[in-house]
Amino acid sequence: MDNMQLEFTLRIFVAAILGGLIGLEREYRSKEAGFRTHFLVALGSALFMIVSAYGFSDVPMSEAHRWDVSRIAAQVVSGIGFIGAGTIIFHKSENIVRGLTTAAGVWVTAAIGLACGGGMYILATASTLLVLLGLEAFNYFLHMFDKHRK
């Protein structure tokens, strides 16, 4: 395995691990999308980014025919909306919407995967930590608020 293939493999592994961490939190909270969903979204996003940036390097290009590697990333962002939409449910009887946080989690997990696919490990790791902090801090404050309300 050459150095580039090793680097690509590292990118998808890091993406899968970071996505999996977010998924574990969602799984622990019994949310709609858990470990496997977040794991796969991050891994797939990283793979799409790698293929977009490097998969066509052997195709001859001229100045008139240039590849825009950001196009695949943009399509990942659009496509992930369909997965996220599947986690959002409106309960008419209770007049509430459920699943928005999970949908946002899937969306940001795709971004973390794209960052890993681009080799931005520190940015991806910092983003994962911020997501986990935000989810846990929010849960903590909700719990404290409920305690004071009762």
Side-chain angles (χ1 to χ4, degrees), residues 4-57 59 66-150:
M4 211 53 182
Q5 293 296 319
L6 190 60
E7 173 66 22
F8 294 156
T9 303
L10 177 64
R11 290 179 186 193
I12 63 170
F13 268 91
V14 172
I17 289 167
L18 295 177
L21 288 174
I22 295 170
L24 283 174
E25 190 281 335
R26 299 278 76 198
E27 191 91 26
Y28 176 74
R29 302 273 177 224
S30 299
K31 298 303 178 179
E32 294 81 4
F35 173 78
R36 293 182 301 174
T37 302
H38 287 80
F39 178 92
L40 292 172
V41 164
L43 188 150
S45 297
L47 186 57
F48 277 125
M49 185 62 141
I50 293 165
V51 170
S52 176
Y54 303 98
F56 305 102
S57 60
V59 176
R66 296 182 49 187
W67 300 109
D68 180 5
V69 297
S70 67
R71 291 177 72 186
I72 297 292
Q75 296 305 313
V76 168
V77 173
S78 297
I80 208 65
F82 287 99
I83 294 173
T87 67
I88 300 170
I89 300 168
F90 176 68
H91 295 277
K92 191 173 185 178
S93 62
E94 300 172 37
N95 202 29
I96 58 171
V97 176
R98 295 198 185 274
L100 287 175
T101 302
T102 299
V106 170
W107 179 71
V108 76
T109 299
I112 290 166
L114 289 171
C116 287
M120 299 178 226
Y121 302 118
I122 294 172
L123 178 65
T125 302
S127 298
T128 302
L129 292 174
L130 285 170
V131 167
L132 293 172
L133 177 70
L135 291 171
E136 287 302 309
F138 182 70
N139 196 49
Y140 173 78
F141 286 120
L142 280 178
H143 182 69
M144 294 304 289
F145 181 72
D146 282 344
K147 263 186 168 177
H148 282 66
R149 196 169 62 165
K150 293 177 182 178

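What you see is a predicted model, and the numbers here were worked out from it, not measured in a lab.
For Phe48, the CZ atom sits in a loose shell: 12 or fewer heavy atoms of surrounding residues, nucleotides or ligands are nearer than 6.0 Å. Within a 6.0 Å sphere centred on CD1 of Ile96, other residues, nucleotides and ligands contribute more than 12 heavy atoms.
Nearest heavy-atom pair, Glu25 versus Leu132, reported as atom, atom and distance to 0.1 Å: CB-CD2, 3.8 Å. Shown here for Tyr121 and Arg11, the closest heavy-atom pair between the two residues is OH-CG, 3.0 Å. Across all their heavy atoms, Ala15 and Ala42 have their closest contact at O-CB, 3.1 Å. Listed here is the closest heavy atom pair of Val14 and Cys116: CG1-SG, 3.7 Å. Minimum interatomic distance between Val106 and Ile80 (heavy atoms only, all atoms of both residues): CG1-CG1, 3.8 Å. Closest approach of Thr109 and Gly19 over heavy atoms only: CG2-CA, 3.8 Å.
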Ile72 and Val51: CA distance, side-chain angles, deciding distance, side-chain contact (heavy atoms from CB on, under 4.5 Å) verdict
CA-CA 9 Å; Ile72 297 292; Val51 170; over 6 Å; no

Pair Leu135-Arg26, side-chain contact (heavy atoms from CB on, under 4.5 Å): steps then yes or no
CA-CA 9 Å; Leu135 291 171; Arg26 299 278 76 198; 3.9 Å; yes

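For the salt bridge (Lys or Arg N to Asp or Glu O under 4.0 Å) condition, the pairs that include at least one residue of residues 94-118, sequence neighbours left out, are Glu94-Arg98. The salt bridge (Lys or Arg N to Asp or Glu O under 4.0 Å) analysis of residues 44-57, with sequence neighbours excluded, yields no pairs. The salt bridge (Lys or Arg N to Asp or Glu O under 4.0 Å) analysis of residues 105-129, with sequence neighbours excluded, yields no pairs.
To the nearest 0.5 Å, atoms NZ (Lys31) and NE2 (His38) are separated by 11.5 Å. To the nearest 0.5 Å, atoms OG1 (Thr128) and CG (Leu133) are separated by 12.0 Å. Note that OG1 of Thr101 is 9.5 Å distant from CD1 of Ile88, once rounded to the nearest 0.5 Å. One finds the OG atom of Ser45 at 10.5 Å from the CG atom of Leu40 (value rounded to the nearest 0.5 Å).
Paired with Ile112 under the rule side chain to side chain contact (heavy atoms under 4.5 Å, CB included), one option of Ile22, Leu21, Val41 passes, and it is Ile22.
Although no hydrogens or angles enter the test, the distance criterion places no donor-acceptor pair under 3.5 Å between the side chain of Thr87 and the main chain of Ile83. Listed for the Glu27 side chain is a donor-acceptor partner under 3.5 Å among the backbone atoms of Phe35.
Residues meeting the salt bridge (Lys or Arg N to Asp or Glu O under 4.0 Å) test with Arg36, sequence neighbours left out: none. With sequence neighbours left out, the salt bridge (Lys or Arg N to Asp or Glu O under 4.0 Å) criterion links Glu136 to Arg29. For Glu32, there are no salt bridge (Lys or Arg N to Asp or Glu O under 4.0 Å) partners, not counting sequence neighbours.
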